[in-house]
Asker: 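Could you have a look at this structure, given as structure tokens, before my questions?
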Amino acid sequence: MQKSSYGHVSLLEAPCLIDSRGTLTIYEGPYDLPFQVKRIYILHSLPHNSVRGGHAHRNLFQILIAASGSFTVTTDNGLERSSWTLASPKHGLLITPGVWREIRDFSPNSSCVVLASELYDESDYIRDYSQFRSSVS
Ligand code: T46
């Protein structure tokens with residue numbers, strides 16, 4: 001996937017198969033996933049007042065999914081700030097490199113599954129907001 005000069009955030013909608021047994025929601029590359037998944041991690045057992053994120057990535061693409069419950073993601077690409085409430089596994093929030101993100105307002109028993117395009121690499125993080133702003137302007 002190409003990087004643009006400003007980071008980009010968009011909401012994906014995954015297909016769901018619903019029958020009397022419940023719902024099956026599918027994220028399947030290359031149809032629904034814009035990158036190859038190299039890592040999956042899960043945020044769970046989250047206190048309501050917890051704040052996760054507070055950083056941007058240089059090269060990493062990610063998709064955040066509310067596997068259960070709900071939470072709010074605020075995003076900032078240096079040009080605009082947006083707020084996204086994720087409350088269903090059928091919605092995946094695609095975040096490209098160059099986006100500052102903070103995740104908060106976790107409902108009871110919420111969990112956030114993250115699909116990531118790269119292996120963990122601390123040098124890919126920008127954890128200082130002023131440094132992030134300098135990197136995008
Ligand atoms: C993101 C949001 C949504 C690892 O060793 N391996 C990993 O794969 C990850 C994700 C983290 N870590 C280590 C790095 C830190 O020492 O785990 C510790 C906690 O990570 P962090 O404070 O970055 O966690 P969050 O929840 O603030 O951020 C995470 C991701 O790091 C980040 O990429 O976008 O979830």
Side-chain angles (χ1 to χ4, degrees):
M1 197 170 179
Q2 285 288 318
K3 260 206 300 178
S4 63
S5 47
Y6 284 100
H8 180 71
V9 185
S10 58
L11 205 56
L12 310 177
E13 184 160 347
C16 297
L17 300 177
I18 305 170
D19 64 28
S20 59
R21 300 168 297 166
T23 303
L24 176 66
T25 300
I26 306 154
Y27 289 82
E28 183 174 21
Y31 313 107
D32 313 307
L33 297 174
F35 55 81
Q36 259 196 316
V37 176
K38 288 196 184 156
R39 179 169 52 113
I40 298 171
Y41 61 89
I42 304 167
L43 304 174
H44 57 99
S45 309
L46 298 153
H48 174 70
N49 60 359
S50 173
V51 181
R52 310 290 311 212
H55 57 254
H57 285 281
R58 301 175 202 279
N59 293 304
L60 187 71
F61 291 78
Q62 290 179 297
I63 296 173
L64 277 57
I65 301 165
S68 59
S70 63
F71 50 83
T72 301
V73 186
T74 52
T75 57
D76 174 356
N77 69 354
L79 275 183
E80 62 176 6
R81 287 169 189 261
S82 304
S83 180
W84 311 80
T85 297
L86 297 182
S88 164
K90 77 178 178 192
H91 288 130
L93 191 67
L94 171 65
I95 305 181
T96 74
V99 176
W100 188 268
R101 86 291 311 272
E102 292 175 5
I103 308 148
R104 64 184 85 228
D105 297 337
F106 295 99
S107 73
N109 296 318
S110 57
S111 59
C112 174
V113 172
V114 183
L115 312 181
S117 66
E118 305 299 333
L119 303 181
Y120 173 71
D121 175 5
E122 186 58 35
S123 70
D124 189 66
Y125 286 72
I126 305 173
R127 293 191 185 269
D128 179 82
Y129 187 71
S130 326
Q131 193 190 337
F132 163 69
R133 287 307 302 248
S134 314
S135 74
V136 290
S137 55

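Each ligand, and each atom within it, is numbered from 1 in the order the structure gives.
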Asker: I'd like a table of the close N/O pairs between ligand 1 and the protein (anything under 3.5 Å), one pair per line with both atom names and the distance.
Answerer:
residue, atom, partner, partner atom, Å
ligand 1, 8 (O), Arg39, NH1, 2.5
ligand 1, 23 (O), Arg127, NH1, 3.4
ligand 1, 23 (O), Arg127, NH2, 3.0
ligand 1, 24 (O), Arg52, NH2, 3.4
ligand 1, 26 (O), Arg52, NE, 2.8
ligand 1, 26 (O), Arg52, NH2, 3.1
ligand 1, 27 (O), Gly53, N, 2.8
ligand 1, 31 (O), Tyr125, OH, 2.5
ligand 1, 33 (O), Tyr41, OH, 3.2
ligand 1, 33 (O), His57, NE2, 2.7
ligand 1, 33 (O), Gln62, NE2, 3.3
ligand 1, 33 (O), Tyr125, OH, 3.3
ligand 1, 34 (O), His55, NE2, 3.3
ligand 1, 34 (O), Gln62, OE1, 3.0
ligand 1, 34 (O), Arg101, NH1, 2.8
ligand 1, 35 (O), Tyr41, OH, 3.1

Asker: Kindly say whether Asn59 contributes a backbone atom to a donor-acceptor pair with the side chain of Asp124 at under 3.5 angstrom?
Answerer: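 Side chain of Asp124 to backbone of Asn59, a donor-acceptor pair under 3.5 Å: yes, one is there.
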Asker: Quick one: side-chain contact (heavy atoms from CB on, under 4.5 Å) partners of Val37, sequence neighbours excluded?
Answerer: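 Leu33, Phe35, Ile40, Leu115.
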Asker: Identify the heavy atoms of Tyr41 and Gln62 that sit nearest to each other, and give their distance.
Answerer: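 So the two residues come closest at OH-NE2, 2.7 Å.
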Asker: Taking His48 for the side chain and Phe106 for the main chain, is one N or O donor matched with an acceptor at less than 3.5 Å?
Answerer: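 Yes, because the side chain of His48 sits within donor-acceptor range (under 3.5 Å) of the backbone of Phe106.
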Asker: Please identify which of these residues, Asp32, Leu93, Val113, Leu94, meets the side-chain contact (heavy atoms from CB on, under 4.5 Å) condition with Ile63.
Answerer: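 Only one of Asp32, Leu93, Val113, Leu94 forms a side-chain contact (heavy atoms from CB on, under 4.5 Å) with Ile63, namely Leu94.
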Asker: Within the side chain of Ser68, is there an N or O that forms a donor-acceptor pair under 3.5 Å with the backbone of Asn109?
Answerer: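 Yes, Ser68 side chain to Asn109 backbone: donor-acceptor pair under 3.5 Å.
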